[in-house]
Amino acid sequence: MGQTLINLIPLILVFVVMYFLMIRPQKKKDKQIQDMRNSLQVGDEIVTIGGICGKIVKTKEDTIVIAVGADKVKFEMMRWSVSSVTNHATKAKKTEEANVEEEVKKVVPKKLKKSSSVEADEEE
């Protein structure tokens with residue numbers, strides 16, 4: 001009885017190592033991809049499994065409608081066909097707002113400084 005247990009231990013160890021090196025990371029990756037596909041929003045720029053790049057125009061339960069090209073050709077496709085999101089809609093809006101705020105900060109203080117320095121020179 002003890003001899004058979006000793007012979008089974010290496011086999012069990014092989015299965016445990018295979019689980020931690022192969023099966024568990026794959027399940028984790030699949031969960032991340034599923035979360036990404038479930039969180040798709042209107043305005044996200046995506047790349048499909050076939051390599052088509054487009055912007056999401058409408059979302060449904062199992063499908064999305066994307067606009068592609070300069071003519072904004074729209075077509076419907078399954079959510080599972082999305083390979084990656086290249087630009088999230090919320091991040092793009094925040095980035096645009098930050099860029100506008102930076103431009104305003106750069107422009108307004110210079111004008112104010114110039115006008116206030118001119119007024120200070122006139123007062124003297």
Colleague: With sequence neighbours excluded, tell me which residues meet side chain to side chain donor-acceptor pair (under 3.5 Å) with Thr59.
Modeller: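 With sequence neighbours excluded, Thr59 shows a side chain to side chain donor-acceptor pair (under 3.5 Å) to no residue whatsoever.
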Colleague: Output yes when a side-chain donor or acceptor of Ser81 lies under 3.5 Å from a complementary backbone atom of Thr48, and no otherwise.
Modeller: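 Not confirmed, Ser81 side chain does not pair with Thr48 backbone.
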Colleague: Looking at every heavy atom in both Val68 and Cys53, which two are closest together, and how far apart are they?
Modeller: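 Answer, listing the atom of Val68 first, then Cys53: CG1-O, 3.6 Å.
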Colleague: To the nearest 0.5 Å, what is the distance between OG (Ser39) and CD (Gln34)?
Modeller: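 Going from the OG atom of Ser39 to the CD atom of Gln34 covers 10.0 Å.
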Colleague: If you look at every heavy atom in Asp44 and Gln41, which pair is closest and at what distance?
Modeller: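 Heavy atoms only, the tightest pair is OD2-N, 3.0 Å.
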Colleague: Going from NZ on Lys58 to NZ on Lys74, what distance comes out if it is rounded to the nearest 0.5 angstrom?
Modeller: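 Reported to 0.5 Å precision, the distance equals 9.5 Å.
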Colleague: When rounded to the nearest 0.5 angstrom, what distance separates CG in Leu40 from CG in Asn38?
Modeller: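 Rounded to the nearest 0.5 Å, the CG-CG separation comes out at 8.0 Å.
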Colleague: Output side-chain donor-acceptor pairs under 3.5 Å for residues 7-26, partner residues at least two apart or in another chain, one line each.
Modeller:
{"residue": "Asn7", "atom": "ND2", "partner": "Gln3", "partner atom": "O", "Å": "3.4"}
{"residue": "Gln26", "atom": "NE2", "partner": "Asp30", "partner atom": "OD1", "Å": "3.1"}

Colleague: Could you tell me which non-hydrogen atom of Gly43 sits nearest to which non-hydrogen atom of Lys55, and how far apart they are?
Modeller: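 That would be O-CE, 3.5 Å.
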Colleague: Does one hydrophobic cluster hold both Ile46 and Ile52, with members joined at side-chain heavy-atom distances below 4.5 Å?
Modeller: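 Both belong to a single hydrophobic cluster.
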Colleague: Membership question, hydrophobic clusters at under 4.5 Å side-chain separation (ILVMFWY): are Val57 and Ile64 in the same one?
Modeller: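 Not linked; separate clusters.
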Colleague: Assigning hydrophobic clusters by single linkage (Ile, Leu, Val, Met, Phe, Trp, Tyr; side-chain heavy-atom cutoff under 4.5 Å), is Ile66 placed with Met36?
Modeller: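 Both belong to a single hydrophobic cluster.
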Colleague: Please evaluate residues Asp62 and Arg79 with respect to the criterion side chain to side chain contact (heavy atoms under 4.5 Å, CB included), reporting the C-alpha separation (whole Å), side-chain torsions for both, the decisive distance (0.1 Å), and the verdict.
Modeller: CA-CA 6 Å; Asp62 292 332; Arg79 280 185 182 262; 5.8 Å; no
